[in-house]
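Structure first, commentary second.
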Protein chains: 2
Amino acid sequence: MVAQRGEGDEVVTTTPGTSAAQAAPVVPEQDEVVVRERARAIPEAAVARLAVYLRVLSGMVDQGVTTISSEELSAAAGVNSAKLRKDLSYVGSYGTRGVGYDVEVLVSHIERILGLTRKHSVAVVGIGNLGHALANYGGFQSRGFPVAALFDVDEDLTGVPVGGIPVNHIDDITTVCVEREVSIGVIATPPQAAQAVCDRLVSAGVQCILNFAPVVLQVPDDVEVRKVDLAVEMQILSFHVARRADEASAEQAANDLINGVGVDRVVIRP
Amino acid sequence: MVAQRGEGDEVVTTTPGTSAAQAAPVVPEQDEVVVRERARAIPEAAVARLAVYLRVLSGMVDQGVTTISSEELSAAAGVNSAKLRKDLSYVGSYGTRGVGYDVEVLVSHIERILGLTRKHSVAVVGIGNLGHALANYGGFQSRGFPVAALFDVDEDLTGVPVGGIPVNHIDDITTVCVEREVSIGVIATPPQAAQAVCDRLVSAGVQCILNFAPVVLQVPDDVEVRKVDLAVEMQILSFHVARRADEASAEQAANDLINGVGVDRVVIRP
DNA sequence: CCGACTTTGTGCATACCTTCACAAGCGGTA
DNA sequence: TACCGCTTGTGAAGGTATGCACAAAGTCGG
């Protein structure tokens with residue numbers, strides 16, 4: 001038997017003695033089994049949108065909507081309807097042609113794919129302004145992400161409850177995280193402390209990290225990091241402000257330039 | 001003179017009487033000038049990374065580093081070095097072959113491209129937990145995004161200073177934004193209020209919005225919206241937790257399955 | 001001044017994502 | 001039952017972003 005590539009779930013074995021040279025980028029070592037996951041086939045961009053669809057659909061449920069077409073849902077989610085259908089096709093074919101999607105069915109399938117059938121305990125590290133806001137933010141709890149622990153380096157904060165949860169000292173991070181089965185760590189510390197905190201979270205077995213500190217975290221391959229960087233967001237917006245300004249001045253300049261050349265107006269094309 | 005397509009900045013005119021049918025997706029109307037912008041050529045993804053490079057470079061300046069190679073900078077920013085060089089090439093060719101980039105030169109050019117040579121006043125709407133945190137967050141100020149105004153619907157908050165800035169009532173949003181030349185609006189309100197606030201910001205002339213509320217905002221084409229959705233971030237992480245769990249159980253199952261079939265171990269391939 | 005060495009900038013191939021367009025499938029209707 | 005209109009699901013095309021690999025271009029030591 002020879003290892004091969006294919007679609008969907010598969011279990012492929014290379015038996016001892018078979019030394020088939022592979023054209024594939026990664027040559028499997030001998031005597032190992034290669035398992036490919038269908039889950040991995042969902043593009044990252046689609047996952048992010050699925051979360052958005054889920055939120056919109058939750059609102060639909062509250063409104064008593066039972067069925068929705070891709071056209072309606074895509075409009076509500078602010079995306080192209082073809083993209084929406086493709087995204088949903090990663091989840092499975094749960095629509096009815098000529099009718100649309102059953103809202104509740106869709107919700108439960110997206111929740112399954114996103115792993116929301118299970119609760120994910122969250123630990124927030126760094127109880128400053130942002131940490132406070134996060135600890136008090138009801139959105140985590142209500143969406144199945146209970147905040148299970150808070151940490152700070154400041155001993156004066158230790159034991160003080162924030163949002164109903166007492167703050168632990170950061171030195172207890174490993175014990176507490178293991179004990180409370182924390183699966184997601186949120187870093188809301190100053191940048192200088194972020195890498196050290198991250199290392200401690202990782203050694204406590206946390207494999208997913210949401211980082212608010214403006215630093216690039218170094219982590220092992222098996223740890224997933226997502227970052228939220230307000231300064232970067234602002235700078236991206238700044239870029240667009242500048243672009244607009246450039247266009248405006250270009251338009252102005254062009255208008256000046258061509259004054260009386262027989263052209264009526266100037267249009268900026270993207 | 002006939003309209004044409006080309007690279008870089010150009011000013012192309014269609015003179016009256018010339019009815020050149022264009023193959024271009026958008027046919028220019030007669031008697032108009034088409035101006036194309038080089039700035040638009042920078043991909044969004046590259047802009048986001050440029051902001052990261054800028055932060056890393058700022059740290060380098062503080063450390064007294066004067067020159068840096070693409071290899072070093074890319075490692076510090078957590079990206080591929082070829083990608084970094086390509087990103088920098090959008091900014092211009094300011095490196096020296098065999099040596100690297102002058103840190104300060106690079107900083108000033110990236111700042112120019114990102115439009116950071118000009119200050120961008122920020123208004124924060126919704127002074128709840130998150131709004132407080134944002135108002136007190138020093139990162140805005142220090143990076144050239146002074147918080148110029150705060151707004152809330154709660155009259156008890158009106159006049160109360162938060163982070164040194166008195167809160168205005170939301171009804172004054174247009175006047176105050178125009179007066180203080182706000183170019184970026186930050187929405188930190190509950191979801192129900194977000195669209196209304198957005199509309200008011202837009203009518204006040206704000207063209208860039210950073211939205212923390214978990215809703216899809218509807219805006220005119222000439223307004224740029226970026227969203228930060230914590231629940232979505234958490235759900236993406238949840239997806240990865242689930243994927244890991246699936247892989248672990250698949251590995252387990254595969255190991256069980258092949259017990260004694262002459263295979264030594266199981267490897268999960270991405 | 002020259003040659004060896006280093007690093008940039010970029011053409012090209014690849015992979016990924018998006019969008020179009022349409023066949024297939026389903027419910028409603030006569 | 002047979003048709004009709006509507007909507008899904010997806011093959012294929014097009015576009016965008018990524019990563020490799022290397023020529024071009026500069027520095028530095030002798």
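In this structure, B:Asp102 atom CG and C:dT8 atom P are separated by 13 Å, rounded to whole Å. Here D:dT8 presents its P atom at 14 Å from CG of A:Asp87, a figure rounded to the nearest Å. D:dT7 atom P lies 14 Å from atom CG of A:Leu84, rounded to whole Å. For B:Lys83 and C:dC16, the NZ to C1' distance is 12 Å, given to the nearest whole Å. Rounded to an integer number of Å, the gap from OH of B:Tyr94 to C1' of C:dT7 is 19 Å. Atom CG of B:Asn80 and atom P of C:dG9 are 15 Å apart (whole Å). The distance from atom CD of B:Glu71 to atom P of C:dT6 is 13 Å, rounded to the nearest whole Å. Whole-Å rounding puts the B:Leu73 CG to C:dT7 C1' distance at 14 Å.
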Margin query: Set out, in order, the CA-CA distance, both residues' side-chain angles and the distance that settles side-chain contact (heavy atoms from CB on, under 4.5 Å) for B:Asn211 and B:Val186, then state yes or no.
Written below: CA-CA 6 Å; B:Asn211 178 32; B:Val186 177; over 6 Å; no
Next item on the list: Verify side-chain hydrogen bond (donor to acceptor under 3.5 Å, both in side chains) between B:Ser70 and B:Arg85, making sure each step is shown before the conclusion.
Entry: CA-CA 6 Å; B:Ser70 63; B:Arg85 288 198 298 276; 3.0 Å; yes
Next item on the list: I would like to know whether B:Glu44 and B:Arg49 meet salt bridge (Lys or Arg N to Asp or Glu O under 4.0 Å); could you show each step before the answer?
Entry: CA-CA 9 Å; B:Glu44 189 79 13; B:Arg49 286 190 298 266; over 6 Å; no
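Here the nucleotide nearest the side chain of B:Lys86, chosen from C:dT19, C:dC12, D:dG9, is C:dC12.
Remark: A:Tyr101 is in phosphate contact with D:dG9, judged by side-chain N or O atoms under 4.0 Å from OP1 or OP2. Side-chain nitrogen and oxygen atoms of B:Ser89 include none within less than 4.0 Å of the OP1 or OP2 phosphate oxygen of C:dG9.
Scanning both residues, B:Ser238 and A:Leu114, for their nearest heavy atoms gives OG-O, 2.6 Å.
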Note to self: Please encode protein proximity along nucleotides 21-30 of chain C as a string of B, S and -, counting only heavy-atom distances under 4.0 Å.
What the structure shows: B--BBBS---
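Under a 4.0 Å N-O distance rule, the pair B:Glu111/B:Arg143 does not qualify as a salt bridge. For the pair A:Lys227 and B:Glu233, the salt-bridge criterion is not met [side-chain N within less than 4.0 Å of a carboxylate O].
Using a 3.5 Å distance cut-off with no hydrogens or angles, the side chains of A:Tyr94 and A:Asp102 do not pair a donor with an acceptor.
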